[in-house]
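Notes follow once the structure below has been shown.
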Amino acid sequence: MRMVEIIEKKRHAEMLTQEEIDFFISGYTNASIPDYQASALCMAIVLQGMEREEIVALTRAMMYSGDVVDLSRIAGVKVDKHSTGGVGDKTSLVVGPLVASLGAKLAKMSGRGLGHTGGTLDKLESIPGLSIAISIPDFEKQVNDIGIAIIGQTAALVPADKKLYALRDVTATVESMPLIASSIMSKKLASGSDTILLDVKFGSGAFMKTIEDARILAKTMVDIGQGLKRDTRAMLTDMDQPLGYAVGNILEVREAIDTLNGRGPEDFRELCVTAAAIILEQAKIASSRAEGRLLAEQQLQNGEALAKFKQMVGAQGGDVSYIEHPEKFSLAHHIIVLTAQKAGYVAHIDSYEIGVAAMELGAGRATKEDVIDFTAGIVLKKKVGHHVAIGDVLAEVHTNLGLEKYQPVLNKIHDAFVLNDQPVEIKPIVYEVIE
Ligand code: URA
């Protein structure tokens, strides 16, 4: 088999076989196929697309390019959830303990934030003492003992994706439905859970800008999961404004704790309850979505979900007193109150701009090597649908930067708020569920 023929076939929009795809993925992973041939094939895939069978074959080849986690020694249904990335997305911190408190086993491997999106691992690491570097045997034991562990992905998991994603990033081949879907699903499938819930976001702060594209990506990923015999479902959720009020690591952990205490922002709470209801249905802990919702609501009110979160934090070496007394978390040196210079109804809050602003304040990474300031971020004081008068507080801005550095960021945050003269309809946070 010759790589040049595989590239040529895809250039002519012909279907590739499992053998050809295996040849490409194993050859690229072991470096017998060079970057220039891999990037030519990626570009041909971007331009010509792939059929469903090819996407499943690509996902399977990537999934088996490294270790595949075997969770069979863990009793019960192993559940997983994955978000395609958003701004203010701390959902796993609430949904994980919530479903684990009802008997689901959440064995989750998460990622770090990059660019305008945050990552669950960084949020967890902002809890003093907490470690996400746990060996696979300890990970299994923790999930068996308490029902939940959230750790970093091991280097041996889907090495093909690590190489390919870095290559796509610099060859303008990231934006391809088959490549994105197989990249995400290979990692989820290699993590070994029985069920997968995908949170596919659409809007200004998301990978997919339109609901139509998000729907295609979600359907493709659900198809892949089901093609590989896992119960896979997807929610299409709105990212046309940040999720909840808090953006930034410690600020988001505090908002998650507030939600686990039965309070929290309405949109965030609704997303968590819906996600938990679907997962509980997948795990057969609830016989219907409606029953799942009731159970989820109950665990947020009765303190069980919070107790499970504390147990997880403790098991991973974190200082539980911060969860009991969130006021103990450090705050940034400067907390600037940003006020509105015009009046109106909030129609849209550009999540991308808010995500970039939070990153510039120190909450995120522009490059993988950047160090995060856990205290930095933004707390919105107005959301879509709210009325704003001149002088009203739009947001609280938390930073350790000096005035000359944060001043331009304040303007960016101010301009991310788009105001209308007329009242604005509030859209549901979960737009559709695909199963
Ligand atoms: N996230 C991934 O893991 N892979 C992609 O290709 C895009 C987003």
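Numbering of ligands and ligand atoms starts at 1, following listing order.
Short contacts between ligand 1 and Y165, defined as distances under 4.0 Å to a heavy atom of the residue, involve ligand atoms 4 (N), 5 (C), 6 (O), 7 (C). For ligand 1 and F207, the ligand atoms under 4.0 Å from any heavy atom of the residue are 7 (C), 8 (C). Every atom of ligand 1 with a heavy atom of S183 under 4.0 Å away is listed here by number and element: 2 (C), 3 (O), 4 (N), 5 (C), 6 (O).
Using modelled atom types and a 3.5 Å distance limit, the side chains of D89 and T117 yield no donor-acceptor pair.
Closest to atom 1 (N) of ligand 1, if we only count protein heavy atoms, is I184 CG1, 3.8 Å. Annotation: atom 3 (O) of ligand 1 to nearest protein heavy atom, K187 NZ, 2.5 Å.
Annotation: D161 places no N or O atom under 3.5 Å from an N or O atom of ligand 1; distance criterion only.
A cation-pi arrangement is absent between K382 and F417, since the terminal nitrogen or guanidinium carbon is not both under 6.0 Å from the aromatic centre and inside a 45° cone about the axis.
Under a 4.0 angstrom heavy-atom cut-off, V174 registers as lying outside contact with ligand 1.
Of the charged side-chain nitrogens involved, at least one lies within less than 4.0 Å of a carboxylate oxygen, so that E281 and R233 count as a salt-bridged pair.
When each of D80, T59, T232 is checked for a side chain to side chain donor-acceptor pair (under 3.5 Å) with K188, only D80 meets the rule.
The number of heavy atoms from other shown groups lying within 6.0 Å of NZ (K9) is above 12.
For T399 (side chain) and L361 (main-chain N/O), a donor-acceptor pair under 3.5 Å exists by modelled atom type.
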